[in-house]
Amino acid sequence: TEAAARQELADLIARVRAGFWRPRPPRRIAGRPGPRPMPTFGVYATSWLDAKIAGVLGDRRIAENTIRDYRARMRHLAYLDDHPVDQIDPGLCVDFKAHLLAEAEDARRQMAAGARLREGSGRARRPLAPATIRKVLDALGSILEEAVEDGLVAQNPARGRRMRVRVPK
């Protein structure tokens with residue numbers, strides 16, 4: 001009805017003014033599937049996190065601390081951002097794991113030699129702990145698990161024995 005349309009328009013304008021408006025993805029027309037371009041990992045991972053925050057994936061919305069934790073993990077996953085999701089294979093996942101381990105070892109070596117490493121925020125930089133590396137790899141596995149469910153990849157290349165990281169007790 002015209003009244004419902006006016007109310008919808010008023011709600012939309014209020015969302016724009018409050019800074020909460022986001023464009024809706026285009027709807028698919030039934031019967032005309034059309035080719036879907038393969039997203040890059042960075043685009044797909046961002047949409048995955050947005051869906052987790054909104055509660056679309058999982059049984060509820062995630063808490064603020066969990067959001068901060070996932071965002072920290074995403075900074076490390078930026079290594080894979082430019083790769084199309086369907087081109088992420090077990091070899092690339094193992095290379096990513098090796099990159100994380102080497103980065104942590106380099107930081108440890110530099111700090112042992114007396115270097116005072118700093119983050120962009122000015123805080124002291126610490127090397128990645130094995131538990132943190134495992135969390136980053138778990139996030140990668142979760143994202144690629146959704147890609148399997150979305151039909152973008154046949155199987156999850158981030159799961160398996162080669163991707164395990166031993167965390168000392």
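What you are looking at is a predicted structure, and each value in this text was computed from that prediction instead of being measured.
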So which heavy atom on [X] is nearest to which on [Y], and how close?
X: R108; Y: P127; value: CG-CG, 3.6 Å
X: L80; Y: F41; value: O-CB, 3.2 Å
X: V148; Y: Q155; value: CG2-C, 3.6 Å
X: N156; Y: G141; value: ND2-O, 2.8 Å
X: I53; Y: I62; value: CA-CG1, 3.9 Å
X: D82; Y: T40; value: O-CG2, 4.1 Å

Q) Is the number of heavy atoms from other residues, nucleotides or ligands under 6.0 Å of R162 CZ greater than 12? A)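 No - once you tally the heavy atoms of other residues, nucleotides and ligands closer than 6.0 Å, there are 12 at most.
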So how far is it from [X] [atom1] to [Y] [atom2], rounded to the nearest 0.5 Å?
X: M111; Y: R116; atom1: CE; atom2: CZ; result: 10.0 Å
X: L100; Y: D95; atom1: CG; atom2: CG; result: 11.0 Å
X: L101; Y: L137; atom1: CG; atom2: CG; result: 8.0 Å
X: W48; Y: E146; atom1: CH2; atom2: CD; result: 8.0 Å
X: D150; Y: E145; atom1: CG; atom2: CD; result: 11.0 Å
X: E2; Y: Q7; atom1: CD; atom2: CD; result: 13.0 Å

Q. Are Y70 and V43 in one and the same hydrophobic cluster, where Ile, Leu, Val, Met, Phe, Trp and Tyr link if side-chain heavy atoms are under 4.5 Å apart?
A.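 As far as the 4.5 Å side-chain criterion goes, V43 and Y70 are not connected within one cluster.
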Q. What about I133 and V167, same hydrophobic cluster or not, with Ile/Leu/Val/Met/Phe/Trp/Tyr joined at side-chain heavy-atom distances under 4.5 Å?
A.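 They do not share one cluster, since no chain of ILVMFWY contacts under 4.5 Å joins I133 to V167.
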Minimum side-chain heavy-atom gap [X]-[Y] below 4.5 Å:
X: L144; Y: P157; answer: yes
X: V153; Y: I88; answer: no
X: M74; Y: I143; answer: yes
X: K52; Y: T66; answer: no

Q) Do NZ/NE/NH1/NH2 and the carboxylate oxygens of D106 and R109 come within less than 4.0 Å? A)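 Yes.
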Does any N or O in the side chain of [X] come within less than 3.5 Å of the main-chain N or O of [Y], such that one atom is a donor and the other an acceptor?
X: Y44; Y: A147; result: yes
X: R73; Y: T132; result: no
X: K97; Y: V165; result: no

